[in-house]
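So the structure is just underneath, and the comments pick up after that.
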Amino acid sequence: MHNSPHLTRRHALGLLGATLLTGCAMGGGGSGAPASKAPTGKVSAGNPFGVPDSGKVELAYFKGGTPNYLAETVEPLLQKRFPNIKIQRTMSERLSQTLQPRFVGGSPPDFVDNAGADALNFGALIQDGQVLDLTAFYDAPSIDDPSKKIKDSLLPGAYESTLVDGVPYTVSFVARSFGLWYNAKLGLEAPTTWEAFIKVCEELKKSGITPFGYAGKNAADYQAEAILTSAVKIGGLELVRAIDNLEDGAWQAEAVKQAAEAWAEIGARFSDKSFEGLIHTEVQLRQNQGKVAFYPSGDWLESEQQKTTPKDFEYTMMPTPSITSSDKLPAAAVYALLGSSMFATAKGQNPAVAQEFMRLMVSKAGARAYTQASGWLTTVPGAADGLELSPGTLVSQRALAAAGEAKALITWKWNGWYQPLLTEIRDATNALMYGRATAAEFTERMQKKADEVKADPAVKKYQR
């Protein structure tokens, strides 16, 4: 991989934070109108937002420990397309501290990459009408294929990941896949059925390797994601919509119970109870040492372990195997994090240029350059084809492509919308996997918490 950064899960979720932070919104989500004095140019097929011949645009980025890849790769495309537009770049490690006073004062930047520990309160910005409604952006023609709208040119589910009560507010750009990671040099043939998975685990156990592990102390949500992925494979995408929408009995659906039963067996027979007291880096280190085979995680794992991975270890990933022969989704289905925390402001000085900048981001040229510089995959299909990618990134690319082609990319929003459910599932997952609760008790516990959230008038409810 070219210029491979050391990317952590915190940074990954920071970039995808818009999906999670939508739960902060307290109101119905007004979009606000663009500034009335914003310059405008002639609208045409090649200039759908009416970018003016001259003027300036301010792009604000989170300043992290790696280069800013948008500045490196997309800004030059904008400058080439509109050479008389002056780009003003603002970078800060503390975006909220730097930018919040400007939003209050009515002089925000035009575009914000809202990542980092001190990110802006995205939900509050939506409520205050500070975030541009991107409906027109997603309906604009794609640069690569003008016969397609931007929203139809992205991976399936990418546009939907931007919606807050039906309104798109962020540019869906980064794509991350989730699955079961292991060392390719073990020579395993990735099982696609649960029966085959059990047999592989039995063989690994006989050889002295713990077949499966996750960190119960701080990463139980990794395992919860594996359980729910299996449930959605069994029950179909309508199941996860029901869970997101707090529908009665959704957590107690037969598919959730079947998935919980299957994974409870993995916990009982093929894991190690001591893992409940370990953090993610400790279990990941054991995997690098050849003591643990399968580990559930997102595709940030390879980068996160970059400095400690031995030379005889090569990361690869497989989707969670099909539990039943009648699963509604194919074995290729994967849980994916699609989106970003990047948005255009409703009251910036040049919303047309901000939207053109984002249109260039989701062009194949922009997305390809971004992946080449950063090692991160995007929601633009085919943009990374032919690039020299690390083994883990390459397998993630193939997994996203296969699931996208099968229309089997799994996404959910409940964990960002309703914090009590996220807290509850971590404890419930540990109880299930470490033998303190049955599958029926797991589903009953989650349904009870979902019912509490649904009945609480102080909690804003969302629909997908």
Side-chain angles (χ1 to χ4, degrees), residues 1-9 11-19 59 61-62 64-81 111 113 115 142-145 150 153-159 161-162 170-179 181 297-306 314-317 334 336-342 357-405 409 411:
M1 186 194 310
H2 299 297
N3 302 320
S4 175
H6 181 63
L7 297 173
T8 65
R9 184 174 194 265
H11 195 189
L13 295 183
L15 280 178
L16 295 162
T19 302
L59 310 174
Y61 306 113
F62 167 65
T66 56
N68 190 282
Y69 303 110
L70 289 178
E72 285 188 352
T73 62
V74 185
E75 281 186 20
L77 296 177
L78 179 65
Q79 204 70 81
K80 182 179 180 180
R81 198 173 183 89
F111 169 89
D113 171 14
S142 160
I143 286 177
D144 301 302
D145 183 356
I150 288 174
S153 70
L154 306 177
L155 284 173
Y159 169 71
S161 74
T162 71
T170 58
V171 54
S172 187
F173 188 52
V174 179
R176 317 242 57 169
S177 65
F178 186 97
W181 290 82
S297 182
D299 63 8
W300 53 80
L301 178 63
E302 181 186 52
S303 291
E304 191 170 87
Q305 292 296 102
Q306 193 174 60
E314 181 183 301
Y315 277 104
T316 192
M317 182 198 78
V334 293
L337 294 99
L338 307 174
S340 78
S341 59
M342 307 167 192
F357 178 73
M358 294 189 298
R359 193 166 81 112
L360 287 162
M361 283 172 59
V362 296
S363 70
K364 285 193 175 180
R368 184 179 182 83
Y370 182 86
T371 297
Q372 190 165 24
S374 69
W376 287 56
L377 297 171
T378 71
T379 58
V380 182
D385 288 355
L387 290 181
E388 182 185 339
L389 302 172
S390 71
T393 304
L394 186 60
V395 74
S396 178
Q397 178 197 34
R398 290 170 178 165
L400 288 167
E405 186 175 342
L409 283 168
T411 63

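Everything numeric here is computed off the predicted structure, so don't read it as measured data.
The distance from atom CE of Met358 to atom CG of Leu78, rounded to the nearest 0.5 Å, is 11.5 Å. If you take CD1 on Ile150 and CD1 on Ile143, they are separated by 7.5 Å, rounding to the nearest 0.5 Å. To the nearest 0.5 angstrom, Gln306 atom CD is 10.5 Å from Tyr315 atom OH. A distance of 9.5 Å separates OG1 of Thr316 from CD of Glu302, quoted to the nearest 0.5 Å. How far CG of Leu301 is from CZ of Arg176: 10.5 Å, rounded to the nearest 0.5 Å. For the atom pair CG of Leu360 and CD of Glu75, the computed distance is 11.5 Å after rounding to the nearest 0.5 Å.
Considering only heavy atoms from C-beta on, Asn68 comes within 4.5 Å of Asp113 through its side chain. In this structure, Trp181 and Val395 have side chains that are in contact, with non-hydrogen atoms separated by less than 4.5 Å. Residues Leu77 and Met361 have side chains not in contact (no heavy-atom distance under 4.5 Å, counting atoms from C-beta outward). Residues Met342 and Leu70 are in side-chain contact: their nearest non-hydrogen atoms beyond the backbone lie under 4.5 Å apart. For the pair Val380/Leu154, a side-chain contact is recorded, criterion being any heavy-atom separation below 4.5 Å from C-beta on.
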inquiry  = The test is side-chain contact (heavy atoms from CB on, under 4.5 Å); show your working for Asp385 and Gln397 and say whether it passes.
reply    = CA-CA 9 Å; Asp385 288 355; Gln397 178 197 34; 3.3 Å; yes

query = Does the side-chain contact (heavy atoms from CB on, under 4.5 Å) test come out yes or no for Val362 and Phe173, once each step is laid out?
reply = CA-CA 7 Å; Val362 296; Phe173 188 52; 4.1 Å; yes

task = Evaluate the side-chain contact (heavy atoms from CB on, under 4.5 Å) criterion for residues Met317 and Asp299: first the C-alpha distance (whole Å), next the side-chain angles of each, then the deciding distance (0.1 Å), finally the verdict.
result = CA-CA 8 Å; Met317 182 198 78; Asp299 63 8; 5.6 Å; no

request  = May I have the step-by-step check of side-chain contact (heavy atoms from CB on, under 4.5 Å) for Leu409 and Leu400, ending in yes or no?
outcome  = CA-CA 7 Å; Leu409 283 168; Leu400 288 167; 3.9 Å; yes

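A pairwise comparison of heavy atoms in Thr371 and Leu377 identifies OG1-CA, 3.9 Å as the closest pair. Between Ala158 and Leu338, the shortest heavy-atom distance links the atoms N-CD1, 3.8 Å. Closest approach of Ala384 and Arg368 over heavy atoms only: C-NH1, 3.9 Å. Looking at every heavy atom in both residues, Ala383 comes nearest to Thr378 through CB-OG1, 4.4 Å. Considering all non-hydrogen atoms of both residues, Pro381 and Lys364 come closest at O-CE, 3.3 Å.
Atom CD of Glu405 has 12 or fewer neighbouring heavy atoms from other residues, nucleotides or ligands inside a 6.0 Å radius.
Thr379 contributes no side-chain N or O that, together with a main-chain N or O of Leu155, makes up a donor-acceptor pair within less than 3.5 Å.
Aromatic ring pairs are classed by plane angle as parallel below 30°, tilted from 30° to 60° and perpendicular above 60°; the pair Tyr69 and Tyr370 is perpendicular.
Side chains of Ser177 and Ser396: a donor on one and an acceptor on the other come within 3.5 Å. A donor-acceptor pair shorter than 3.5 Å cannot be found between the side chains of Thr411 and Ser161.
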